[in-house]
Amino acid sequence: MSKPSLARGTRDFGPEIMVKRIFIFEQIKKVYQKYGFLPLETPAIENLSVLMGKYGEEGDQLLFKILNSGDFAKDLNQEDLNRGSKDILKKVSEKGLKYDLTVPFARYVVMNRHQLALPFKRYQIQPVWRADRPQKGRYREFYQCDADVVGTESLICEAEIVAMLHEVFENLGINDFVIKINNRKILSGITEVIGAKGKETDLCVAIDKIDKIGKEKVEEELIERGFSPENIQNLQPLFRITQSENVNFGELRQWLAESEIGQKGVDELENIWGLTSALGIKNPKIAFDPSLARGLSYYTGAIFEVKALNVAIGSISGGGRYDNLTGTFGMPGLSGVGISLGVDRIFDVMEELKIFPEHLTLSSTKVMITNFGEDTLAKSLEILGQLRAHGINSEIFPESSKMKKQFEYADKKAIPFVLIIGSDEIQKEEFMLKNMLSGEQISLKIEQIIEKLNA
RNA sequence: GAGGUUAUAGCUCAGCUGGUUAGAGCACCAGAUUGUGGUUCUGGGGGUCGUGGGUUCGAACCCCAUUAGCCUCCCCA
């Protein structure tokens with residue numbers, strides 16, 4: 001016998017936690033459906049050919065790979081072993097656990113392109129797995145709630161994502177958050193006008209840290225990453241723009257005047273601001289953040305990230321526009337934009353802020369019927385059936401244990417009513433209904449009980 | 001992947017410079033209450049001190065390794 005244990009970075013969710021998680025799922029699902037998204041599920045397991053190479057080199061390392069069935073080592077020879085893990089991997093594993101929902105979605109779109117009504121809007125709520133090092137707010141198995149639109153370049157989709165995010169977080173009671181928005185095209189434009197074309201990644205990695213380490217350190221890091229002092233001199237407007245509260249599109253446009261792609265980025269950004277306001281979002285919690293980079297290499301337009309304020313947890317949502325995700329599966333020219341909500345982090349945020357609604361009930365049972373044994377069982381079951389026929393969630397204590405035990409059970413399960421059916425009650429044809437919250441109990445006829453419990 | 005830190009009852013923790021039999025609160029079980037929970041009182045069970053080695057007459061305590069949690073970097077939901 002071995003001691004039970006959980007795999008690293010995974011957790012059980014007991015009933016108390018599930019109640020809260022389901023609340024979050026429901027709120028998200030409700031809003032996604034409200035905006036016209038349709039449900040989709042894809043397998044936990046995908047072929048590695050689908051997953052590998054989509055998330056960068058680091059992503060490939062973080063993929064959980066599944067050993068081939070049977071004798072997975074049968075094709076291995078000494079030469080493979082000498083050459084190292086990469087060559088071994090190809091021969092021992094051809095499947096992996098999905099790493100996010102976007103890539104499997106792209107695969108689905110490509111495989112079903114002829115049936116789909118484009119633009120296709122889907123939402124997807126499923127677990128994903130990453131062989132990351134667990135820490136606060138970071139797990140190896142966690143749920144993502146994605147909503148994506150493919151088959152249109154319309155910036156209405158971006159604005160609708162902004163609107164949905166507002167609605168979801170407000171419904172959840174998370175009021176202090178900010179949707180950071182950037183645009184890959186602006187990042188490209190920046191590298192162009194500072195004379196470091198093509199070095200977006202290095203630029204991003206460095207300027208992303210500006211909040212944490214400050215301007216001077218960022219400049220030091222840029223030098224280390226091969227940027228010239230001239231590059232950095234040209235970058236100065238960025239620090240001004242980042243610091244200003246409101247977005248100064250004019251200044252941004254002027255700075256990026258020499259870059260065609262940069263201009264396009266500014267156009268898009270300004271458009272998203274305008275459309276968001278046109279959708280009627282009052283006081284939108286959006287902020288242009290040119291230092292927002294995000295690791296996923298496939299974003300080509302808008303980039304989103306939602307940060308909950310006043311809590312020490314990373315982003316609770318991220319997303320953006322990708323132009324060529326389906327291209328890697330042989331279907332070029334299909335643009336998409338999407339957002340991903342991290343339920344596990346949202347849960348942590350809500351727990352830390354203590355903002356889960358109080359009415360979330362552990363048990364859906366409305367009433368528990370006592371069990372006094374054989375003499376009363378027939379009547380108890382009859383009434384149980386009647387209650388259920390009237391749509392009342394009810395259960396009977398399955399054993400004729402002591403009353404104390406039966407009441408303790410109801411109490412622990414937070415069942416609001418206990419119906420006492422003993423021989424006295426059966427004789428009177430009136431049954432004792434006890435309110436477990438107030439402690440009051442009254443003798444009622446079955447019709448009155450049904451009426452009261454259905455109220 | 002690198003660094004730091006922690007690990008004692010189901011949970012939260014105490015346990016002095018190594019010294020007999022490792023404690024508390026909460027939780028759990030039983031009784032007071034053989035038809036009434038959440039309050040109260042009484043009693044009870046439960047730990048080879050994360051795991052494996054080592055030092056010592058003697059280790060929860062010191063040393064090494066290992067595993068897991070947390071934190072920082074990296075990256076991300």
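Residue numbering restarts at 1 for every chain, and letters A, B, ... go by the order of the sequence lines.
- Comparing G37(B), C71(B), A77(B) by their closest approach to the side chain of Ser315(A) singles out A77(B).
- By the 6.0 Å and 45° rule, Arg122(A) stacks over the aromatic ring of Phe105(A).
- Distance from the side chain of Lys402(A) is smallest for A30(B) among the nucleotides A30(B), C71(B), G37(B).
- Annotation: proximity of residues 433-443 of chain A to RNA chain B (heavy atom, distance under 4.0 Å) is found for Lys434(A), Met436(A), Leu437(A), Gly439(A), Gln441(A), numbered in ascending order.
- Considering only side-chain atoms of Arg138(A), the nucleotide from U36(B), C71(B), C75(B) that sits closest is C75(B).
- For Arg8(A), the listed nucleotide lying nearest its side chain is A68(B); candidates were G35(B), A68(B), C74(B).
- Across all strands shown, G47(B) remains unpaired; no Watson-Crick or G-U wobble contact has both distances below 3.5 Å.
- The two residues Phe169(A) and Ser317(A) make their nearest non-hydrogen contact at CZ-CB, 4.4 Å.
- To the nearest angstrom, P of A77(B) lies 20 Å from CD of Glu352(A).
- Heavy-atom distances to RNA chain B give each of Gln144(A) and Glu408(A) a nearest nucleotide, and the one nearer the 5′ end belongs to Glu408(A).
- Using modelled atom types and a 3.5 Å distance limit, the side chains of Gln33(A) and Tyr123(A) yield a donor-acceptor pair.
- A close approach under 4.0 Å does not occur between any side-chain nitrogen or oxygen of Gln406(A) and OP1 or OP2 of G37(B).
- Checking A77(B), C71(B), G35(B) against every side-chain atom of Glu425(A), the shortest atom distance belongs to G35(B).
- Residue-to-nucleotide contacts include no donor-acceptor pair under 3.5 Å from the side chain of Asp411(A) to the base of G38(B).
- Under the 3.5 Å distance criterion, with hydrogens and angles disregarded, a donor-acceptor pair is assigned to the side chains of Ser443(A) and Glu430(A).
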- Could you go through the side-chain hydrogen bond (donor to acceptor under 3.5 Å, both in side chains) check for Glu268(A) and Asn183(A) one step at a time? CA-CA 8 Å; Glu268(A) 288 185 7; Asn183(A) 196 299; 2.8 Å; yes

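- For C75(B), the OP1/OP2 oxygens have no side-chain nitrogen or oxygen of Arg133(A) closer than 4.0 Å.
- Computed from coordinates, the Phe372(A) CZ to G35(B) C1' distance equals 4 Å when rounded to whole Å.
- With no hydrogens or angles considered, no side-chain donor-acceptor pair links Asp289(A) and Asn182(A) at under 3.5 Å.
- In this structure, the nucleotide among C75(B), G37(B), C70(B) sitting nearest to the side chain of Lys136(A) is C70(B).
- Checked by atom type, the side-chain pair Asp100(A)/Tyr55(A) shows a donor-acceptor distance below 3.5 Å.
- A59(B) is unpaired under the Watson-Crick or G-U wobble criterion, no partner having all donor-acceptor distances under 3.5 Å.
- Among the nucleotides G35(B), A77(B), A30(B), the one closest to the side chain of Lys405(A) is A30(B).
- Rounded to whole angstrom, the span from the CG atom of Asp12(A) across to the P atom of G10(B) amounts to 17 Å.
- Base pairing annotation: U20(B) forms no Watson-Crick or G-U wobble pair, as no partner gives both donor-acceptor distances under 3.5 Å.
- The side chain of Lys412(A) sits closest to C28(B) out of G35(B), C28(B), G38(B).
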